[in-house]
Amino acid sequence: MFAGKLILSRFGAPTAKRAVGLGKLFTAKRFAFSPLVLNGVMRRSYHENVIDHYEKPRNVGSLDAKSKDVGTGLVGAPACGDVMKLQIQVNKDDNKIEKAVFKTFGCGSAIASSSYATEILHGMHLDDAMNIKNKDISEHLKLPPVKLHCSMLAEDAIKAAVKDYRKKADLAD
Amino acid sequence: MLANKRLLLKTLSARSAFFFCSIPSDKDLPMSKYHEISDHFLESLCEQFEAIDQSEIDDVILSQGVLRIDLADEKSTYIINKQSPNKQIWLSSPMSGPYRFDLDLENNKWVGKGEDCILDLLSKELSEWTGEEVEFVYENDLL
């Protein structure tokens with residue numbers, strides 16, 4: 001559906017779009033070794049926490065969306081450049097998240113935000129999951145101003161997944 | 001046969017609604033009108049930021065629908081930009097994080113989820129930053 005295409009911006013800053021889990025993975029150039037100062041001009045660079053998630057994303061995958069134990073959050077739009085699908089598998093006895101997976105099309109910050117979100121969701125109670133703020137994600141990943149919106153999208157994805165699960169659980173009762 | 005077709009259409013529109021539900025703004029607003037209004041808005045905002053005391057603000061740059069304001073502490077930056085596919089204005093504040101604003105045509109304002117107007121937010125934060133009263137206003141009918 002989404003091609004695993006790497007688009008490098010003309011300024012050399014790593015604003016690459018990449019589909020994680022939605023097509024062939026494209027190995028990114030190692031921006032970590034690019035010089036931070038080039039010809040006297042400071043280049044922007046991703047924080048190592050973001051690069052870590054970009055190169056080794058955690059919990060990429062899919063759960064059965066039809067299952068009653070699974071909540072699915074699908075946010076964003078291709079036209080905007082970011083789409084995140086986040087799924088949670090919930091233990092109905094204690095309402096704790098047993099498993100969280102994601103698939104994201106977007107920039108490195110969007111991938112890292114959703115990857116980090118699935119990391120912190122493991123073992124969390126649904127109420128605590130609803131309290132996750134975009135600030136928690138952006139502070140951990142040290143996102144620059146222009147990428148704060150990626151963390152907000154991840155927060156939206158978490159809330160959408162929890163709401164979806166709760167809606168299904170209410171219908172089942 | 002007809003029932004199946006209805007079901008198919010319902011499913012398709014539901015699925016596409018899933019995507020479009022994240023594009024909440026006024027679908028009747030023509031894109032050209034959105035560009036006109038938002039360009040005007042950013043230009044007006046740029047001028048108002050430039051009018052603020054130079055010792056508090058390092059730089060104000062408006063380019064290709066992105067307004068960037070660097071504060072004097074050399075680490076805080078405001079980014080206010082057009083988000084055309086959504087017909088929105090997006091704000092990234094170093095004080096309070098990211099926001100998205102839709103055009104409220106009835107009241108001629110850009111409002112966020114909690115009905116908060118972008119200019120109220122910016123006025124409050126810049127007043128705190130400079131220590132003086134800063135008030136941003138909507139200029140002319142086009143915003």
Side-chain angles (χ1 to χ4, degrees), chain A residues 1-2 9-11 13 15 17 42 44 47 65-66 71-87 104-107 109-110 113 132-161 163-164 167, chain B residues 11 14-25 27 31 34-35 57-71 73-102 112-114 118 121-122 125 129:
Chain A
M1 211 202 315
F2 299 120
S9 93
R10 58 196 168 102
F11 298 111
T15 52
K17 295 252 175 276
M42 182 80 171
R44 284 186 291 264
H47 190 267
K66 294 193 214 71
T72 303
L74 180 62
V75 294
C80 296
D82 282 328
V83 183
M84 286 181 194
K85 185 175 88 163
L86 194 140
Q87 293 179 297
T104 292
F105 169 77
C107 65
S109 301
S113 296
I132 294 175
K133 293 278 168 286
N134 59 69
K135 200 172 176 188
D136 306 327
I137 301 171
S138 59
E139 276 181 356
H140 173 82
L141 297 172
K142 309 279 189 292
L143 296 180
V146 59
K147 295 295 179 186
L148 293 184
H149 295 285
C150 299
S151 62
M152 193 206 240
L153 199 65
E155 182 193 324
D156 289 346
I158 295 170
K159 290 192 159 73
K163 278 193 184 124
D164 183 56
K167 199 169 90 172
Chain B
T11 318
R15 282 184 67 129
S16 57
F18 215 137
F19 267 133
F20 290 122
C21 70
S22 63
I23 305 178
S25 62
K27 291 194 197 65
M31 194 50 100
Y34 161 77
H35 283 301
I57 291 182
D58 257 352
D59 211 358
V60 180
I61 309 166
L62 174 58
S63 164
Q64 291 178 307
V66 180
L67 176 60
R68 183 196 166 105
I69 299 115
D70 291 321
L71 298 182
D73 64 353
E74 285 178 20
K75 64 180 173 89
S76 304
T77 301
Y78 279 91
I79 307 256
I80 304 163
N81 65 287
K82 286 165 63 174
Q83 185 67 9
S84 307
N86 291 10
K87 293 179 195 159
Q88 290 177 326
I89 291 274
W90 281 14
L91 162 69
S92 172
S93 159
M95 322 292 180
S96 50
Y99 299 87
R100 298 175 208 154
F101 298 94
D102 293 294
K113 267 191 286 195
I118 184 177
L121 184 73
L122 286 173
E125 289 189 0
W129 173 256

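Convention: sequence-line order gives letters A, B, ...; per-chain numbering from 1.
For B:S84, no part sits under 4.5 Å from any heavy atom of chain A, backbone or side chain. Looking at B:Y99, only its backbone comes within 4.5 Å of chain A, counting heavy atoms on both sides.
Within 6.0 Å of NZ in A:K135 there are 12 or fewer heavy atoms belonging to other residues, nucleotides or ligands.
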Derivation of the side chain to side chain contact (heavy atoms under 4.5 Å, CB included) call for A:M152 and B:R100: CA-CA 10 Å; A:M152 193 206 240; B:R100 298 175 208 154; 3.1 Å; yes
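The two atoms that bring A:P145 and B:S92 nearest to each other are O-OG, 2.7 Å, heavy atoms only. Here the closest non-hydrogen pair linking B:G97 and A:L148 is CA-CD1, 4.0 Å.
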